[in-house]
Amino acid sequence: MALTGRLGLLALLGALVVGLLFPSGTGVLAVVVVLLVLVAVDLALAGSVRALRFSRTGTTSVRLGEAASVTLLMTNPGRRAVRGLLRDAWPPSAHADDRHRVAVPPGERRAFTTELQPSRRGDRVAVRVTVRAWGPMGLAARQGSHAVPWTVRVLPPFHSRKHLPSRLARLQQLDGRSAVLIRGQGTEFDSLREYVIGDDVRSIDWRATARAADVMVRTWRPERDRHLVLVLDTGRVSAGRVGDAPRLDAAMDAALLLAALASRAGDRVDLVAYDRQVRASVPNSPTLLPSLVNALAPIEPSLVETDARGMVAEVLRRTRRRALVVLLTGLEPAPLEDGLFPVLGSLTARHEVLLASVADPRVAEMARSRGDAEAVYEAAAAERTLAERESAVARLTRRGVRVVDAVPEDLPPALADRYLALKAAGRL
């Protein structure tokens with residue numbers, strides 16, 4: 001039972017009036033008794049909150065940064081109207097506009113829409129619905145809570161999709177739908193045409209030339225149906241924040257752009273998220289992009305060191321034929337030295353390996369800072385960090401690993417460009 005402020009005010013005024021008219025204590029007692037009776041009557045006439053029935057409709061998934069709407073349907077099967085307040089509670093990160101005034105006559109149903117503006121990826125689950133039904137005099141109220149399950153999955157925002165059209169245009173050139181045709185280890189024969197100055201003489205088809213009046217050359221296009229394995233490191237390194245988001249979010253954005261591009265190129269794309277166990281696994285499918293964003297939405301960084309040996313073993317188990325393995329991980333020296341470097345040879349011996357890492361733009365800013373003693377110390381620490389990353393890149397390159405190291409907003413297009421360059425060079 002909930003009592004309003006007006007009840008206390010009425011009791012005070014009543015006690016004052018009775019105290020003036022009837023100085024004895026019996027007058028005050030009479031007022032208190034009358035008020036308690038009124039409260040009891042008001043509470044008895046309030047609508048029942050236990051009998052209320054609820055159901056939901058609305059949004060089940062939304063991209064991070066977009067709004068979602070969930071409608072709560074409340075049915076009053078009782079004999080009295082339910083008037084008062086309703087709170088549709090959600091987690092704080094859902095940023096729900098969750099308070100509503102209610103007035104539901106007996107036997108009728110009303111809809112109440114809650115607007116959500118989630119600030120984090122993952123599943124936002126409704127907590128409970130609480131209703132406070134006032135009596136007709138507004139002196140007391142019945143209150144009760146109901147569990148009305150509903151989940152809104154907040155998907156990665158995929159900001160890098162703005163880079164997709166320009167990369168698809170370049171892909172069309174590589175794929176032979178324009179005049180730009182290339183030759184490399186991973187290319188297949190496309191057609192014959194006349195030789196023009198600048199063509200690679202190795203592409204001359206001497207048999208076709210002998211049958212024709214002009215020198216004929218073969219044109220080539222990148223092979224399709226290549227295999228890409230995207231490996232998302234969800235360990236401790238991915239939890240570091242760059243700006244307002246963890247490194248993992250930037251790595252996801254890069255993985256989504258590369259997956260969308262490669263699938264349009266006709267390549268098969270698999271994804272595995274791993275730290276000490278498989279956190280998500282998405283095999284190639286016709287609905288690759290929706291499957292990826294849905295699988296990546298609930299993944300959060302694990303505050304454990306990634307088991308590099310287990311991660312490499314998982315990749316080798318999943319693919320037998322040669323593939324492009326894209327590792328989205330960090331360039332921190334200690335994890336590389338103790339984890340990836342000892343097992344890297346078994347991966348590069350069988351696959352083309354590309355490592356993509358999220359750089360912190362703040363480190364470069366600190367390296368340029370000068371002024372006071374504190375700024376100089378920060379610059380020295382930043383310079384050391386940059387030198388360690390450059391050393392790690394050099395060591396990976398010597399072991400046959402291509403590296404893309406870029407700040408969050410530049411990593412997705414840079415990784416896509418490196419993929420297209422490998423495809424143009426016939427490395428896939």
Side-chain angles (χ1 to χ4, degrees), residues 61 63-64 66 155-191 219-232 249-273 280-297 299 315 318-319 321-328 351-356 402 404 406 408-428:
S61 64
R63 291 193 184 277
L64 182 63
E66 299 178 356
L155 307 174
F158 194 14
H159 295 306
S160 63
R161 63 183 179 274
K162 63 186 178 184
H163 300 291
L164 188 58
S166 61
R167 271 61 188 182
L168 288 176
R170 292 175 56 185
L171 178 64
Q172 289 176 354
Q173 292 180 337
L174 294 178
D175 202 27
R177 285 188 284 271
S178 71
V180 181
L181 294 169
I182 52 90
R183 183 179 185 178
Q185 296 177 358
T187 57
E188 59 183 10
F189 174 73
D190 182 58
S191 62
T219 59
W220 310 82
R221 62 182 175 184
E223 291 185 47
R224 302 173 71 85
D225 197 31
R226 301 295 89 187
H227 191 192
L228 271 73
V229 182
L230 304 178
V231 183
L232 193 65
D249 285 25
M252 284 183 180
D253 206 35
L256 290 173
L257 179 63
L258 181 56
L261 181 61
S263 63
R264 293 287 293 271
D267 293 333
R268 295 185 298 112
V269 181
D270 294 338
L271 179 139
V272 57
S281 178
V282 182
N284 186 68
S285 70
T287 58
L288 177 65
L289 200 57
S291 300
L292 282 176
V293 295
N294 190 61
L296 294 177
I299 295 179
V315 173
R318 287 170 176 268
T319 176
R321 37 183 305 207
R322 189 168 183 83
L324 173 62
V325 178
V326 181
L327 300 176
L328 294 120
H351 302 292
E352 192 80 22
V353 180
L354 175 59
L355 188 146
R402 291 172 170 81
V404 178
E409 59 269 19
D410 295 338
L411 182 63
L415 184 58
D417 290 342
R418 185 61 63 91
Y419 163 77
L420 291 173
L422 289 172
K423 208 164 184 64
R427 303 294 300 180
L428 301 183

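Bear in mind the structure is a predicted one, so any value in this text is a computation, not a measurement. In what follows, residues are counted from 1 in the order of the sequence shown.
For A262, the side-chain contact (heavy atoms from CB on, under 4.5 Å) test picks out L228, D267, V269, Y419, with sequence neighbours left out. For L155, the side-chain contact (heavy atoms from CB on, under 4.5 Å) criterion is met by S61, R153, V293, N294, A297, not counting sequence neighbours. Looking at residues two or more places apart in sequence or on another chain, you find a side chain to side chain donor-acceptor pair (under 3.5 Å) between D270 and H227. The side chain to side chain donor-acceptor pair (under 3.5 Å) test applied to R318 returns S281, E314, not counting sequence neighbours. With sequence neighbours left out, D249 forms a salt bridge (Lys or Arg N to Asp or Glu O under 4.0 Å) with R121.
Counting only heavy atoms from C-beta outward, the side chains of L415 and L257 never approach each other to under 4.5 Å. Put simply, the side chain of L256 reaches to within 4.5 Å of the side chain of P156, judged on heavy atoms.
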Side chains of residues 162-169: which donor-acceptor pairs under 3.5 Å do they make with residues two or more places apart or in other chains?
from : atom 1 : to   : atom 2 : distance (Å)
S166 : OG     : H163 : O      : 3.1
R167 : NE     : D417 : OD1    : 2.9
R167 : NH2    : D417 : OD1    : 3.2
R167 : NH2    : D417 : OD2    : 3.0

From CA spacing to verdict: side chain to side chain contact (heavy atoms under 4.5 Å, CB included), V282, L296: CA-CA 9 Å; V282 182; L296 294 177; over 6 Å; no
Side chain to side chain contact (heavy atoms under 4.5 Å, CB included) between H351 and V229, intermediate numbers included: CA-CA 10 Å; H351 302 292; V229 182; over 6 Å; no
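Looking at D253, its side chain never comes within 3.5 Å of a backbone N or O of P412 through a donor-acceptor pair. Panel note: side chain R226, backbone A323; no donor-acceptor pair is recorded below 3.5 Å.
Nearest heavy atoms, K423 versus A265: CE-CB, 3.9 Å.
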